[in-house]
Amino acid sequence: MAKLLLKNLYKRYENKKRKKGEALNAFAVNNFSLECEDGEFIGILGPSGCGKTTTLRMIAGLEDITDGEIIIGDTVVNNVAPHNRGIGLAFEDYALYPPLTVYENIAFNLRAKHVKNEIIKAEINRIAPLLKVDDLLHMKPGKLSGGQKQRVNIARAIVRKPQLLLLDEPMSHLDGKMRQVLRTEIKRLHNEIMCTTIIVTHDQLEAMSLVDKLAIMKDGELQQYGTPFEVYDNPVNEFVAGFIGEPPMNILTVEVQKKESSFFFKFQDANILIPVPQRFYSVVQDGMLVRLGVRPTDVLIVGEDSKGSDVSISVFENLGEERKISFRVGEGFLTLITSDDKRYKQGDIVKLEVKSEKTHLFDVKTGEKIIAQ
Ligand code: ADP
Ligand code: MG
């Protein structure tokens with residue numbers, strides 16, 4: 001295992017498909033820097049096309065880099081051939097060889113390196129039970145289920161005792177239940193082999209439950225790097241705030257209003273006033289527009305005698321364990337999640353309170369977090 005350092009990594013594909021409005025010379029990966037400690041489990045998360053796979057392929061040496069440096073352990077590997085980088089890969093489209101048995105598929109890279117038969121056998125006997133593929137070793141890939149194939153794929157990646165394990169959407173073809181099983185297995189595996197691991201996923205629950213640290217990407221750029229708690233509790237911008245969390249954070253434009261010596265957030269076209277927390281007093285002023293973020297679990301229905309705003313329910317959804325209730329606010333909705341059993345219906349008037357100390361403020365123009373001084 002080894003430490004991994006990405007320094008100002010850039011990738012430009014000459015034939016990159018352009019998104020609407022995107023510059024001709026846009027980077028698929030744009031000034032991406034990251035530091036992973038020995039044995040850490042890192043997740044890269046972001047929408048489709050944001051550069052996750054490209055980043056992993058550059059680390060693996062499967063893709064040339066346009067600029068920057070990749071350091072594994074103490075070695076700059078920019079010019080090191082992929083098979084000499086000590087990397088185990090399990091990529092979504094990294095297919096097994098159909099004519100070979102599972103055993104030979106797992107052994108393939110070791111054979112290419114002329115590892116002795118008995119060492120190969122010992123390694124496979126060690127790894128196969130970890131991934132529960134020991135009963136499949138004599139089978140051909142064609143006979144395996146999707147989940148079994150992906151487990152063999154991971155076994156093949158780790159059998160070389162990689163310094164670094166790269167997993168690109170390793171569970172993408174599995175149904176929900178199988179994903180959960182394999183997710184637990186990957187976590188256990190990481191605890192056992194403690195190999196520095198990077199997993200790419202678009203499934204945030206998967207990422208949040210597996211990793212020590214999360215890197216959130218958008219349009220080739222790193223937005224935030226931190227523990228799942230840091231990223232959830234303290235998102236640096238509106239994109240991260242809206243991306244992490246399910247259902248997503250409510251983010252709505254509000255106007256700051258001053259009444260006597262107090263400030264309030266006023267929602268558009270809705271009778272909701274929230275006191276501005278004292279810590280924001282140094283950064284707000286009367287009439288200012290801000291983007292206000294609040295998680296659905298931090299919006300509450302309170303008793304009639306409490307302080308709060310009377311609002312009418314627009315949508316009521318029963319989600320089993322919880323209920324999701326939405327209120328129309330200007331162009332959008334303010335949504336809350338409650339475990340309260342009461343069956344509300346559309347049009348019911350309730351008293352709402354927003355936990356103002358849990359609110360986040362973002363700049364209307366830039367989307368960057370407004371930091372209270
Ligand atoms: P992700 O894995 O996050 O979905 P990718 O790294 O695959 O994103 O792609 C990032 C961007 O680079 C996308 O705009 C994609 O269209 C483009 N891209 C990826 N691979 C190639 C390629 N081989 N040639 C041209 N453009 C590519
Ligand atoms: Mg990808």
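The structure displayed is predicted, hence computed values, not measured ones. Whatever order the structure lists ligands and atoms in, that order sets their numbers, starting from 1.
- Close contacts between ligand 1 and Ser48 involve ligand atoms 4 (O) [criterion: under 4.0 Å to a heavy atom].
- Under 2.8 Å from the Mg ion (ligand 2) lies an N/O/S atom of Thr53, whether from backbone or side chain.
- When each of Ile325, Asn250, Val311 is checked for a side-chain contact (heavy atoms from CB on, under 4.5 Å) with Leu334, only Asn250 meets the rule.
- The shortest N/O to N/O separation between Ala28 and ligand 1 does not fall below 3.5 Å.
- Ion pair Lys213/Glu37 not flagged as a salt bridge, since none of the NZ, NE, NH1 or NH2 atoms sits closer than 4.0 Å to an Asp/Glu carboxylate oxygen.
- Checked by atom type and distance alone, the side chain of Arg156 never pairs as donor or acceptor with a backbone atom of Asn105 at under 3.5 Å.
- Ligand 1 does not have Gly46 within reach: every non-hydrogen atom of the residue lies 4.0 Å or more from it.
- Asp269 and Gly330 get closest at one heavy-atom pair: OD2-CA, 3.8 Å.
- Each of the following atoms of ligand 1 lies closer than 4.0 Å to a heavy atom of Thr54: 5 (P), 6 (O), 9 (O), 10 (C).
- Surrounding NZ of Lys121 are at most 12 heavy atoms belonging to other residues, nucleotides or ligands under 6.0 Å away.
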